[in-house]
Asker: 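I'd like to ask some things about the structure below.
Remember, it's a predicted structure, so these values are computed and weren't measured experimentally.
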Amino acid sequence: MRFDLTDVQSSWKSKGETLGRDLGVNATAADAVMGAARVGLLDRRADLVSIAAAVEAMAHGSPSAAMALAMHTVVAGAASSIERVGDLLFRGELGGALALSSEDVPLARGNTVSGRAAWVAPIVDGGLAVVGARNGDDLAAFAVPLTGRGVTVEPVEAAGLRPLVCAHLMLRDAEAVHVGPTVPVMARLRVLIAAVGLGIGRRALEEALVSARAAGGGAAGEQTVQGLLADAATELDAALMLTLKAAAEDSSLTLSAASMAKLAATGAAQHAIAWTTQVVGVDTFRAGHVSERLAQDVRALELFAGRTEALRAAVAEEVLPQQNAASRMLKRDNSQLPTPNSQSAR
(Lines give C-alpha, C1' and ligand atoms only; values in the text may rest on other atoms or scores of the structure.)
Protein backbone atom coordinates (compact mmCIF):
# COMPACT_ATOMS: atom_id res chain seq x y z
CA MET A 1 0.00 0.00 0.00
CA ARG A 2 1.33 3.44 -0.91
CA PHE A 3 1.28 6.22 1.65
CA ASP A 4 1.82 9.23 -0.56
CA LEU A 5 -0.54 11.90 0.71
CA THR A 6 -3.13 13.22 -1.71
CA ASP A 7 -3.32 16.94 -2.42
CA VAL A 8 -6.16 17.26 0.08
CA GLN A 9 -4.29 15.31 2.76
CA SER A 10 -1.13 17.36 2.17
CA SER A 11 -3.24 20.51 2.51
CA TRP A 12 -4.49 19.32 5.90
CA LYS A 13 -0.94 18.60 6.98
CA SER A 14 0.19 22.07 5.91
CA LYS A 15 -2.71 23.73 7.73
CA GLY A 16 -1.99 21.73 10.88
CA GLU A 17 1.69 22.70 10.83
CA THR A 18 0.89 26.40 10.42
CA LEU A 19 -1.81 26.35 13.09
CA GLY A 20 0.41 24.53 15.60
CA ARG A 21 3.20 27.05 15.05
CA ASP A 22 0.79 29.99 15.41
CA LEU A 23 -0.89 28.64 18.56
CA GLY A 24 2.31 27.69 20.39
CA VAL A 25 2.85 25.39 23.36
CA ASN A 26 0.44 27.17 25.70
CA ALA A 27 -2.64 26.90 23.48
CA THR A 28 -5.86 25.99 25.26
CA ALA A 29 -8.44 23.57 23.93
CA ALA A 30 -10.71 26.46 22.99
CA ASP A 31 -7.86 28.07 21.05
CA ALA A 32 -7.22 24.81 19.21
CA VAL A 33 -10.84 24.11 18.29
CA MET A 34 -11.64 27.64 17.19
CA GLY A 35 -8.39 27.81 15.24
CA ALA A 36 -9.12 24.47 13.55
CA ALA A 37 -12.60 25.64 12.58
CA ARG A 38 -11.18 28.88 11.20
CA VAL A 39 -8.66 27.19 8.89
CA GLY A 40 -10.96 24.37 7.79
CA LEU A 41 -9.70 21.45 9.90
CA LEU A 42 -13.16 20.55 11.19
CA ASP A 43 -14.98 18.79 8.37
CA ARG A 44 -17.31 15.80 8.70
CA ARG A 45 -16.23 14.64 5.21
CA ALA A 46 -12.54 14.40 6.12
CA ASP A 47 -10.86 11.00 6.02
CA LEU A 48 -8.81 9.75 8.96
CA VAL A 49 -5.49 10.08 7.10
CA SER A 50 -6.13 13.81 6.57
CA ILE A 51 -6.97 14.31 10.23
CA ALA A 52 -3.96 12.30 11.40
CA ALA A 53 -1.66 14.28 9.09
CA ALA A 54 -2.97 17.56 10.50
CA VAL A 55 -2.71 16.38 14.10
CA GLU A 56 0.85 15.09 13.65
CA ALA A 57 1.97 18.35 12.05
CA MET A 58 0.23 20.45 14.71
CA ALA A 59 1.85 18.47 17.55
CA HIS A 60 5.29 19.58 16.38
CA GLY A 61 4.50 23.15 17.47
CA SER A 62 1.72 22.64 20.00
CA PRO A 63 1.17 19.17 21.52
CA SER A 64 -1.73 20.36 23.68
CA ALA A 65 -3.54 21.89 20.70
CA ALA A 66 -2.99 18.72 18.66
CA MET A 67 -4.38 16.58 21.46
CA ALA A 68 -7.39 18.87 21.81
CA LEU A 69 -8.07 18.65 18.07
CA ALA A 70 -7.70 14.86 18.14
CA MET A 71 -10.21 14.42 20.94
CA HIS A 72 -12.63 17.01 19.58
CA THR A 73 -12.62 15.32 16.17
CA VAL A 74 -13.37 11.92 17.69
CA VAL A 75 -16.22 13.36 19.76
CA ALA A 76 -17.62 15.17 16.72
CA GLY A 77 -17.64 11.96 14.72
CA ALA A 78 -19.25 9.97 17.52
CA ALA A 79 -21.91 12.57 18.28
CA SER A 80 -22.63 13.58 14.68
CA SER A 81 -25.91 11.66 14.74
CA ILE A 82 -27.31 13.78 17.58
CA GLU A 83 -29.59 16.43 16.16
CA ARG A 84 -27.89 19.88 15.99
CA VAL A 85 -25.05 18.77 18.29
CA GLY A 86 -22.91 17.41 15.46
CA ASP A 87 -23.20 20.67 13.54
CA LEU A 88 -22.13 22.68 16.59
CA LEU A 89 -19.11 20.42 17.09
CA PHE A 90 -17.99 20.61 13.47
CA ARG A 91 -18.37 24.41 13.48
CA GLY A 92 -16.25 24.64 16.62
CA GLU A 93 -19.07 26.24 18.62
CA LEU A 94 -19.21 23.31 21.06
CA GLY A 95 -16.16 21.71 22.69
CA GLY A 96 -15.74 17.94 22.73
CA ALA A 97 -14.08 15.95 25.54
CA LEU A 98 -13.35 12.27 26.08
CA ALA A 99 -12.93 9.98 29.07
CA LEU A 100 -9.33 8.89 28.62
CA SER A 101 -9.07 6.23 31.32
CA SER A 102 -10.96 2.95 31.65
CA GLU A 103 -10.12 2.49 35.34
CA ASP A 104 -13.62 3.64 36.25
CA VAL A 105 -16.62 2.58 34.16
CA PRO A 106 -20.00 4.20 34.89
CA LEU A 107 -23.28 2.31 34.54
CA ALA A 108 -25.91 3.23 31.97
CA ARG A 109 -29.61 2.91 32.64
CA GLY A 110 -31.87 4.06 29.85
CA ASN A 111 -30.96 7.65 29.05
CA THR A 112 -28.93 8.22 32.22
CA VAL A 113 -25.41 7.37 33.36
CA SER A 114 -24.19 7.00 36.94
CA GLY A 115 -20.69 6.51 38.35
CA ARG A 116 -17.24 8.02 37.87
CA ALA A 117 -15.60 8.83 34.54
CA ALA A 118 -11.87 9.35 35.08
CA TRP A 119 -9.51 11.72 33.30
CA VAL A 120 -11.92 13.50 31.02
CA ALA A 121 -10.32 16.14 28.80
CA PRO A 122 -10.37 18.80 27.58
CA ILE A 123 -12.92 20.44 29.85
CA VAL A 124 -14.40 23.59 28.32
CA ASP A 125 -17.37 25.71 29.36
CA GLY A 126 -20.58 24.23 28.01
CA GLY A 127 -18.77 21.28 26.45
CA LEU A 128 -19.84 17.73 25.67
CA ALA A 129 -18.04 14.63 26.93
CA VAL A 130 -18.17 11.14 25.44
CA VAL A 131 -17.70 8.44 28.09
CA GLY A 132 -17.76 4.67 28.01
CA ALA A 133 -20.41 3.09 30.22
CA ARG A 134 -21.54 -0.41 31.05
CA ASN A 135 -24.86 -1.01 29.31
CA GLY A 136 -26.05 -4.45 30.36
CA ASP A 137 -23.33 -6.87 29.30
CA ASP A 138 -21.79 -4.45 26.81
CA LEU A 139 -19.75 -1.27 26.83
CA ALA A 140 -21.24 1.64 24.94
CA ALA A 141 -20.32 5.25 24.30
CA PHE A 142 -22.59 7.96 25.70
CA ALA A 143 -22.55 11.72 25.15
CA VAL A 144 -22.93 13.69 28.39
CA PRO A 145 -23.37 17.50 28.53
CA LEU A 146 -20.88 18.84 31.08
CA THR A 147 -23.43 21.36 32.33
CA GLY A 148 -26.24 18.80 32.44
CA ARG A 149 -28.20 17.58 35.43
CA GLY A 150 -26.34 15.18 37.69
CA VAL A 151 -22.83 16.06 36.44
CA THR A 152 -20.13 17.19 38.86
CA VAL A 153 -16.77 18.22 37.41
CA GLU A 154 -13.72 17.67 39.63
CA PRO A 155 -10.67 19.35 38.02
CA VAL A 156 -7.34 17.51 38.15
CA GLU A 157 -3.94 19.17 37.84
CA ALA A 158 -2.06 17.19 35.21
CA ALA A 159 1.71 16.93 34.83
CA GLY A 160 1.67 16.85 31.03
CA LEU A 161 -0.29 18.63 28.29
CA ARG A 162 -0.81 21.34 30.90
CA PRO A 163 -2.93 23.77 28.83
CA LEU A 164 -5.64 21.08 28.62
CA VAL A 165 -8.01 21.11 31.57
CA CYS A 166 -8.53 17.56 32.86
CA ALA A 167 -11.19 16.42 35.32
CA HIS A 168 -12.97 13.45 36.81
CA LEU A 169 -16.73 13.42 36.27
CA MET A 170 -19.08 12.29 39.03
CA LEU A 171 -22.31 11.23 37.33
CA ARG A 172 -25.56 10.74 39.23
CA ASP A 173 -28.36 9.82 36.88
CA ALA A 174 -26.80 12.25 34.44
CA GLU A 175 -28.69 12.77 31.22
CA ALA A 176 -26.89 11.05 28.36
CA VAL A 177 -27.36 10.05 24.73
CA HIS A 178 -26.19 6.69 23.39
CA VAL A 179 -23.86 7.29 20.43
CA GLY A 180 -22.73 3.75 19.62
CA PRO A 181 -20.18 1.11 20.61
CA THR A 182 -16.93 2.16 22.27
CA VAL A 183 -14.54 0.27 19.96
CA PRO A 184 -14.75 2.61 16.92
CA VAL A 185 -14.36 5.63 19.20
CA MET A 186 -11.36 4.13 20.99
CA ALA A 187 -9.75 2.95 17.75
CA ARG A 188 -9.90 6.37 16.10
CA LEU A 189 -8.63 8.03 19.27
CA ARG A 190 -5.63 5.68 19.46
CA VAL A 191 -4.67 6.48 15.87
CA LEU A 192 -4.84 10.22 16.50
CA ILE A 193 -2.93 9.94 19.79
CA ALA A 194 -0.28 8.06 17.80
CA ALA A 195 -0.18 11.05 15.45
CA VAL A 196 0.33 13.40 18.40
CA GLY A 197 3.18 11.19 19.61
CA LEU A 198 4.83 11.31 16.18
CA GLY A 199 4.73 15.12 16.19
CA ILE A 200 6.28 15.22 19.65
CA GLY A 201 8.99 12.76 18.62
CA ARG A 202 9.75 14.73 15.49
CA ARG A 203 10.13 17.91 17.55
CA ALA A 204 12.52 16.11 19.93
CA LEU A 205 14.60 14.82 17.02
CA GLU A 206 14.77 18.33 15.58
CA GLU A 207 16.09 19.68 18.90
CA ALA A 208 18.75 16.97 18.96
CA LEU A 209 19.81 17.74 15.39
CA VAL A 210 20.16 21.45 16.16
CA SER A 211 22.30 20.69 19.20
CA ALA A 212 24.46 18.15 17.34
CA ARG A 213 25.14 20.56 14.48
CA ALA A 214 25.96 23.38 16.87
CA ALA A 215 28.50 21.12 18.55
CA GLY A 216 30.00 20.04 15.24
CA GLY A 217 28.06 16.80 15.09
CA GLY A 218 25.64 15.54 12.48
CA ALA A 219 26.79 13.61 9.46
CA ALA A 220 30.44 14.39 10.12
CA GLY A 221 30.18 14.20 13.89
CA GLU A 222 30.77 11.73 16.67
CA GLN A 223 29.63 8.21 15.82
CA THR A 224 27.55 7.62 18.93
CA VAL A 225 25.53 10.78 18.30
CA GLN A 226 24.96 9.73 14.71
CA GLY A 227 23.72 6.35 15.91
CA LEU A 228 21.26 7.88 18.39
CA LEU A 229 19.84 10.24 15.79
CA ALA A 230 19.63 7.50 13.19
CA ASP A 231 17.78 5.21 15.60
CA ALA A 232 15.32 7.97 16.48
CA ALA A 233 14.62 8.78 12.82
CA THR A 234 14.20 5.10 11.94
CA GLU A 235 11.76 4.37 14.77
CA LEU A 236 9.70 7.47 14.03
CA ASP A 237 9.44 6.62 10.33
CA ALA A 238 8.44 3.03 11.12
CA ALA A 239 5.78 4.25 13.55
CA LEU A 240 4.54 6.71 10.92
CA MET A 241 3.98 3.84 8.49
CA LEU A 242 1.93 1.91 11.06
CA THR A 243 -0.09 5.02 11.90
CA LEU A 244 -0.86 5.81 8.26
CA LYS A 245 -1.69 2.17 7.61
CA ALA A 246 -4.21 2.20 10.47
CA ALA A 247 -5.64 5.57 9.43
CA ALA A 248 -6.06 4.35 5.85
CA GLU A 249 -8.43 1.63 7.11
CA ASP A 250 -10.74 4.40 8.36
CA SER A 251 -14.28 2.92 8.46
CA SER A 252 -12.91 -0.63 8.77
CA LEU A 253 -10.30 0.31 11.37
CA THR A 254 -9.68 -2.42 13.93
CA LEU A 255 -8.67 -1.92 17.54
CA SER A 256 -5.62 -4.08 16.88
CA ALA A 257 -4.30 -1.87 14.06
CA ALA A 258 -4.94 1.28 16.10
CA SER A 259 -3.23 -0.25 19.13
CA MET A 260 -0.16 -1.19 17.07
CA ALA A 261 0.08 2.39 15.83
CA LYS A 262 -0.17 3.88 19.33
CA LEU A 263 2.33 1.39 20.75
CA ALA A 264 4.86 2.16 18.03
CA ALA A 265 4.37 5.93 18.02
CA THR A 266 4.48 6.53 21.77
CA GLY A 267 7.48 4.21 22.09
CA ALA A 268 9.32 5.96 19.27
CA ALA A 269 8.55 9.37 20.77
CA GLN A 270 9.80 8.31 24.19
CA HIS A 271 13.02 6.99 22.69
CA ALA A 272 13.49 10.15 20.63
CA ILE A 273 13.16 12.28 23.77
CA ALA A 274 15.54 10.04 25.74
CA TRP A 275 18.14 10.17 22.98
CA THR A 276 17.66 13.93 22.64
CA THR A 277 18.54 14.21 26.32
CA GLN A 278 21.78 12.33 25.65
CA VAL A 279 22.67 14.44 22.62
CA VAL A 280 21.79 17.85 24.09
CA GLY A 281 23.29 16.99 27.46
CA VAL A 282 22.97 18.66 30.84
CA ASP A 283 21.03 21.65 29.47
CA THR A 284 17.94 19.41 29.28
CA PHE A 285 17.96 19.36 33.10
CA ARG A 286 17.15 23.07 33.12
CA ALA A 287 13.56 23.79 34.16
CA GLY A 288 11.47 24.81 31.18
CA HIS A 289 13.69 23.16 28.58
CA VAL A 290 11.68 21.88 25.63
CA SER A 291 12.80 18.30 26.32
CA GLU A 292 11.37 18.45 29.84
CA ARG A 293 7.99 19.52 28.51
CA LEU A 294 7.97 16.98 25.71
CA ALA A 295 8.80 14.19 28.17
CA GLN A 296 5.80 15.09 30.33
CA ASP A 297 3.51 15.38 27.31
CA VAL A 298 4.45 12.00 25.84
CA ARG A 299 3.96 10.37 29.25
CA ALA A 300 0.32 11.43 29.11
CA LEU A 301 -0.05 9.84 25.68
CA GLU A 302 1.27 6.54 26.99
CA LEU A 303 -1.29 6.49 29.81
CA PHE A 304 -4.39 7.77 28.02
CA ALA A 305 -6.74 5.72 25.80
CA GLY A 306 -5.10 2.45 26.75
CA ARG A 307 -1.89 1.81 28.63
CA THR A 308 0.83 -0.36 27.13
CA GLU A 309 -0.56 -3.55 28.67
CA ALA A 310 -4.04 -2.88 27.27
CA LEU A 311 -2.63 -2.14 23.83
CA ARG A 312 -0.62 -5.35 23.80
CA ALA A 313 -3.69 -7.31 24.86
CA ALA A 314 -5.72 -5.80 22.01
CA VAL A 315 -3.03 -6.73 19.50
CA ALA A 316 -2.59 -10.24 20.91
CA GLU A 317 -6.33 -10.93 20.90
CA GLU A 318 -6.53 -10.34 17.17
CA VAL A 319 -3.08 -11.31 15.89
CA LEU A 320 -2.03 -14.28 18.03
CA PRO A 321 -5.05 -16.50 17.25
CA GLN A 322 -4.20 -16.10 13.55
CA GLN A 323 -0.59 -17.00 14.25
CA ASN A 324 -1.65 -20.01 16.30
CA ALA A 325 -3.95 -21.17 13.52
CA ALA A 326 -1.14 -20.82 10.97
CA SER A 327 1.18 -22.72 13.28
CA ARG A 328 -1.32 -25.57 13.67
CA MET A 329 -1.78 -25.75 9.90
CA LEU A 330 2.00 -25.86 9.38
CA LYS A 331 2.36 -28.65 11.94
CA ARG A 332 -0.46 -30.60 10.27
CA ASP A 333 1.16 -30.23 6.83
CA ASN A 334 4.56 -31.23 8.21
CA SER A 335 3.08 -34.30 9.87
CA GLN A 336 2.05 -35.58 6.44
CA LEU A 337 5.62 -35.43 5.12
CA PRO A 338 7.72 -38.64 5.18
CA THR A 339 10.31 -38.71 7.97
CA PRO A 340 13.99 -39.39 7.19
CA ASN A 341 13.71 -42.84 8.80
CA SER A 342 10.74 -43.81 6.69
CA GLN A 343 12.53 -42.65 3.54
CA SER A 344 15.60 -44.72 4.34
CA ALA A 345 13.42 -47.74 5.11
CA ARG A 346 12.05 -47.56 1.59
Side-chain angles (χ1 to χ4, degrees), residues 13-29 31-32 35 53-71 121-122 157-166 192-219 221-222 224-237 239-240 243 262 264-304:
K13 183 179 179 68
S14 178
K15 290 177 182 178
E17 185 173 13
T18 301
L19 183 59
R21 185 171 57 248
D22 292 344
L23 291 174
V25 295
N26 294 316
T28 65
D31 294 334
V55 167
E56 187 267 344
M58 186 184 295
H60 179 273
S62 182
S64 61
M67 189 67 172
L69 176 61
M71 292 186 288
E157 186 174 355
L161 299 171
R162 292 170 192 156
L164 299 185
V165 179
C166 299
L192 295 183
I193 287 181
V196 176
L198 290 170
I200 290 175
R202 187 162 58 88
R203 174 63 187 277
L205 178 58
E206 184 178 284
E207 293 294 323
L209 286 169
V210 169
S211 180
R213 288 166 181 159
E222 196 265 328
T224 300
V225 171
Q226 293 180 35
L228 293 175
L229 298 179
D231 285 347
T234 300
E235 286 198 10
L236 287 169
D237 270 8
L240 175 62
T243 301
K262 184 172 181 285
T266 53
Q270 287 173 330
H271 292 158
I273 293 167
W275 292 327
T276 295
T277 300
Q278 297 300 313
V279 173
V280 176
V282 73
D283 279 349
T284 60
F285 193 60
R286 176 170 46 84
H289 192 278
V290 63
S291 295
E292 177 200 28
R293 188 156 189 163
L294 293 176
Q296 292 292 348
D297 289 346
V298 81
R299 180 171 161 231
L301 304 187
E302 183 189 17
L303 296 172
F304 289 157

Asker: How far apart are the closest heavy atoms of A269 and V298, and which atoms are they?
Answerer: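 Smallest interatomic distance, heavy atoms only, reads CB-CG2, 3.5 Å.
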Asker: Under 3.5 Å, side-chain donor or acceptor atoms of residues 272-280 against the rest of the protein: list the pairs with distances, not counting sequence neighbours.
Answerer:
{"from": "T276", "atom 1": "OG1", "to": "A204", "atom 2": "O", "distance (Å)": "2.9"}
{"from": "T276", "atom 1": "OG1", "to": "A272", "atom 2": "O", "distance (Å)": "2.7"}
{"from": "T277", "atom 1": "OG1", "to": "I273", "atom 2": "O", "distance (Å)": "3.0"}

Asker: A194 and T243: which non-hydrogen atoms are nearest, and at how many Å?
Answerer: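 Closest heavy-atom pair between A194 and T243: CB-OG1, 3.7 Å.
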Asker: Do the non-hydrogen side-chain atoms of I200 and P63 ever get within less than 4.5 Å of each other?
Answerer: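 Side chain of I200 against side chain of P63, heavy atoms only: contact under 4.5 Å found.
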Asker: For L164 and A29, which heavy atoms make the closest approach, and how far apart are they?
Answerer: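 Of all heavy-atom pairs spanning L164 and A29, the closest is CD2-CB, 4.1 Å.
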Asker: In Å and rounded to the nearest 0.5 Å, what is the CG to OG distance from L69 to S64?
Answerer: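 Going from the CG atom of L69 to the OG atom of S64 covers 11.5 Å.
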Asker: Would you please name every residue forming a side-chain contact (heavy atoms from CB on, under 4.5 Å) with R162, sequence neighbours left out?
Answerer: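 With sequence neighbours excluded, R162 shows a side-chain contact (heavy atoms from CB on, under 4.5 Å) to Q296, given in chain and number order.
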Asker: Can you see which heavy atom on P122 is nearest to which on M71, and at what distance?
Answerer: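 Smallest interatomic distance, heavy atoms only, reads CD-CE, 3.4 Å.
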Asker: Does some side-chain heavy atom of L301 sit less than 4.5 Å from a side-chain heavy atom of M67?
Answerer: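 Side chain of M67 against side chain of L301, heavy atoms only: contact under 4.5 Å found.
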Asker: Yes or no on side-chain contact (heavy atoms from CB on, under 4.5 Å) for L236 and L240, after CA distance, side-chain angles and deciding distance?
Answerer: CA-CA 6 Å; L236 287 169; L240 175 62; over 6 Å; no
Asker: Would you list the pairs meeting salt bridge (charged side-chain N to carboxylate O under 4.0 Å, His left out) in which at least one residue belongs to residues 195-204, sequence neighbours left out?
Answerer: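 Qualifying pairs: E56-R202, R203-E207.
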Asker: Would you compute the distance between atom CG of L209 and atom CG of L229 and round it to the nearest 0.5 angstrom?
Answerer: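 L209 atom CG to L229 atom CG measures 5.0 Å (nearest 0.5 Å).
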Asker: Could you tell me whether the side chain of R21 reaches within less than 4.5 Å of the side chain of H60, counting heavy atoms only?
Answerer: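 Answer no - side chains too far apart.
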Asker: State, to 0.1 Å, how close A32 and A68 come at their nearest heavy-atom pair, and which atoms those are.
Answerer: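 Closest approach of A32 to A68: CB-CB, 3.9 Å.
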Asker: Among residues two or more places apart or on two chains, list those pairs meeting side chain to side chain donor-acceptor pair (under 3.5 Å) that have a residue in residues 227-237.
Answerer: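 Listed once each, the pairs are E235-H271.
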Asker: Please round to the nearest 0.5 Å and tell me the distance separating atom CD1 of I193 and atom CG of L198.
Answerer: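 With rounding to 0.5 Å, CD1 (I193) is 12.0 Å from CG (L198).
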Asker: Kindly write out the residues that satisfy side-chain contact (heavy atoms from CB on, under 4.5 Å) with A66, not counting sequence neighbours, or none if the list is empty.
Answerer: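 A66 satisfies side-chain contact (heavy atoms from CB on, under 4.5 Å) with V55, M58, A59, V196 only.
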Asker: Kindly compute the distance separating OG (S62) from CG (L19), expressed to the nearest 0.5 Å.
Answerer: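 Rounded to the nearest 0.5 Å, the OG-CG separation comes to 8.0 Å.
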Asker: Could you work out, with side-chain contact (heavy atoms from CB on, under 4.5 Å) as the rule, every residue matching A300, not counting sequence neighbours?
Answerer: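 In terms of side-chain contact (heavy atoms from CB on, under 4.5 Å), with neighbours along the sequence ignored, A300 is linked to L161, F304.
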